[in-house]
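First the structure, in the form of structure tokens, and then the observations on it.
Just so you know, these numbers use all the heavy atoms, side chains as well, and skip hydrogens, waters and symmetry mates. Both ligands and their constituent atoms are indexed starting at 1 by order of listing.
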Amino acid sequence: MPDSRAIVILTGAGISAESGLETFRASDGLWASYRVEDVCTPAALARDPVLVHDFYDMRRGALAGVVPNPAHDALARLERTWPGDVLLVTQNVDDLHERAGSQNVLHMHGELKSALCAACDHRLRWQESLPPGAVCPACTAPLLRPDIVFFGEIPYQMDRIERALSRADLFVSIGTSGAVYPAAGFVRLAHAYGAETLELNLEPSAGSGWFDECRHGPASIVVPAWVEALLSG
Ligand code: APR
């Protein structure tokens with residue numbers, strides 16, 4: 001019987017680190033230079049929209065200077081060739097999974113290249129700078145904002161994620177510190193539903209103890225090695 005297990009993959013900033021994008025909690029990470037309370041909460045957006053829009057413009061602009069790394073490529077190859085279901089859930093708001101060729105990507109924290117209307121929830125692809133007061137093409141309210149899930153807001157498509165975890169045979173967490181819920185709790189949910197759990201990360205994370213197996217090293221090494229072993233199983 002060929003292996004066609006259902007796989008749910010969760011990625012975090014660590015998978016994009018080797019493409020040159022900053023992580024959050026490294027000593028030189030984004031949260032060492034910016035305060036969450038200033039750029040990643042609804043109150044911050046209301047208090048200082050220019051600062052918040054500039055922060056995400058800076059991060060959106062940085063995408064032009066980076067490319068997917070072998071870890072992104074390996075996950076795209078897995079999606080193309082694995083006979084079972086593969087759902088790629090990412091906490092990342094960059095577009096590197098898509099640029100590597102992954103198609104079934106669920107951005108639970110939103111996307112830099114999307115704008116959201118705070119009045120009517122209309123979403124549209126957005127490539128350039130997004131100034132405060134940009135007009136929504138659907139309802140004409142001047143309330144387009146970065147389509148990013150701020151702290152205190154509800155991550156996207158949680159029902160779909162929980163359904164996939166309930167059916168998963170294998171849950172793999174890649175490049176995340178396990179510091180932020182609900183993503184940090186996925187391993188326990190997957191385990192409770194009987195899935196095998198694997199962590200691929202540079203170093204032990206806050207959640208390592210919940211995984212059946214942990215393989216530590218740079219994502220561009222450990223992720224292709226894992227995919228190759230799975231496909232040549
Ligand atoms: N290869 C593999 N893993 C790496 C690499 C690498 N080259 N570099 C760093 N890592 C790992 C770190 O060991 C760490 O466990 O990636 C993880 C990055 O952790 P964080 O900076 O906390 O990023 P992340 O886990 O994605 O943060 C989760 O927090 O601030 C919010 O919304 C934000 O989505 C983000 C969420």
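Residue G175 has at least one nitrogen or oxygen atom sitting less than 3.5 Å from a nitrogen or oxygen atom of ligand 1, judged on distance alone. When only interatomic distances are considered, the shortest N/O to N/O separation between N92 and ligand 1 does not fall below 3.5 Å. By the 3.5 Å distance cut-off applied to N or O atoms, F151 is not counted among the residues near ligand 1. Below 3.5 Å of separation, one finds no N or O of G12 facing any N or O of ligand 1. For a threshold of 3.5 Å applied to N or O pairs, the pair formed by L202 and ligand 1 contains at least one separation below that value. Taking only nitrogen or oxygen atoms, main chain and side chain alike, S205 does not reach within less than 3.5 Å of ligand 1. The shortest N or O to N or O distance between G178 and ligand 1 is not under 3.5 Å.
Cation-pi geometry between R123 and Y156 is met: under 6.0 angstrom from the ring centre, within 45 degrees of the axis.
Between F171 and F186, the ring-plane angle classifies as perpendicular under the 30° and 60° cut-offs. Between H72 and H97, the ring planes are perpendicular. Angles over 60° get that label, and only those under 30° would be called parallel.
Which of A206, G14, P218 comes nearest to atom 16 (O) of ligand 1 through a heavy atom is settled by distance: it is G14. Checking V222, V180, V93 against atom 36 (C) of ligand 1, the nearest heavy atom belongs to V180. Compare R25, H109, E203 by their heavy atoms: the one nearest to atom 31 (C) of ligand 1 is in R25.
Nearest to atom 1 (N) of ligand 1 among the protein's heavy atoms is A219 N, 2.9 Å. For atom 24 (P) of ligand 1, the closest non-hydrogen atom on the protein side is T176 OG1, 3.8 Å. Ranking the protein heavy atoms by distance from atom 11 (C) of ligand 1 puts N201 OD1, 3.3 Å first. Of the protein's heavy atoms, W31 NE1, 2.8 Å lies nearest to atom 30 (O) of ligand 1. The nearest heavy-atom contact from the protein to atom 35 (C) of ligand 1 is F24 CE1, 3.5 Å. When hydrogens are left out, the protein atom nearest atom 26 (O) of ligand 1 is A13 N, 2.8 Å; that is the closest non-hydrogen contact.
Under the 4.0 Å criterion applied to side-chain N and carboxylate O atoms, E98 and K113 are not assigned as salt-bridge partners.
For the pair S114 and H107, the minimum side-chain heavy-atom distance is 4.5 Å or more.
Heavy-atom neighbours of W210 CH2 from other residues, nucleotides or ligands within 6.0 Å: at or below the threshold of 12. Atom CG of D57 is surrounded by more than 12 heavy atoms from other residues, nucleotides or ligands within 6.0 Å. Within a 6.0 Å radius of NE2 in H191, other residues, nucleotides and ligands contribute 12 heavy atoms or fewer.
Rounding to the nearest 0.5 Å gives a distance of 10.5 Å between CG of L51 and CZ of R35. L230 CG to D3 CG: the interatomic distance, rounded to the nearest 0.5 Å, is 6.0 Å.
Applying the 4.0 Å criterion to heavy atoms of E18 picks out, from ligand 1, the atoms 1 (N), 6 (C), 7 (N). In summary, the atoms of ligand 1 found under 4.0 Å from a heavy atom of A17, numbered by their order in the structure, are 8 (N).
Both the backbone and the side chain of Q91 come within 4.0 Å of ligand 1, counting heavy atoms alone. With a 4.0 Å heavy-atom cut-off, ligand 1 is reached by the backbone of T23 and by its side chain too.
With no hydrogens or angles considered, no side-chain donor-acceptor pair links E79 and S102 at under 3.5 Å. Side-chain polar atoms of N69 and S220 form no donor-acceptor pair below 3.5 angstrom.
Under a 4.0 Å heavy-atom criterion, A179 is not in contact with ligand 1.
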Between R59 and E22, is the side chain to side chain contact (heavy atoms under 4.5 Å, CB included) condition met? List the steps.
CA-CA 9 Å; R59 293 181 64 197; E22 292 170 292; over 6 Å; no
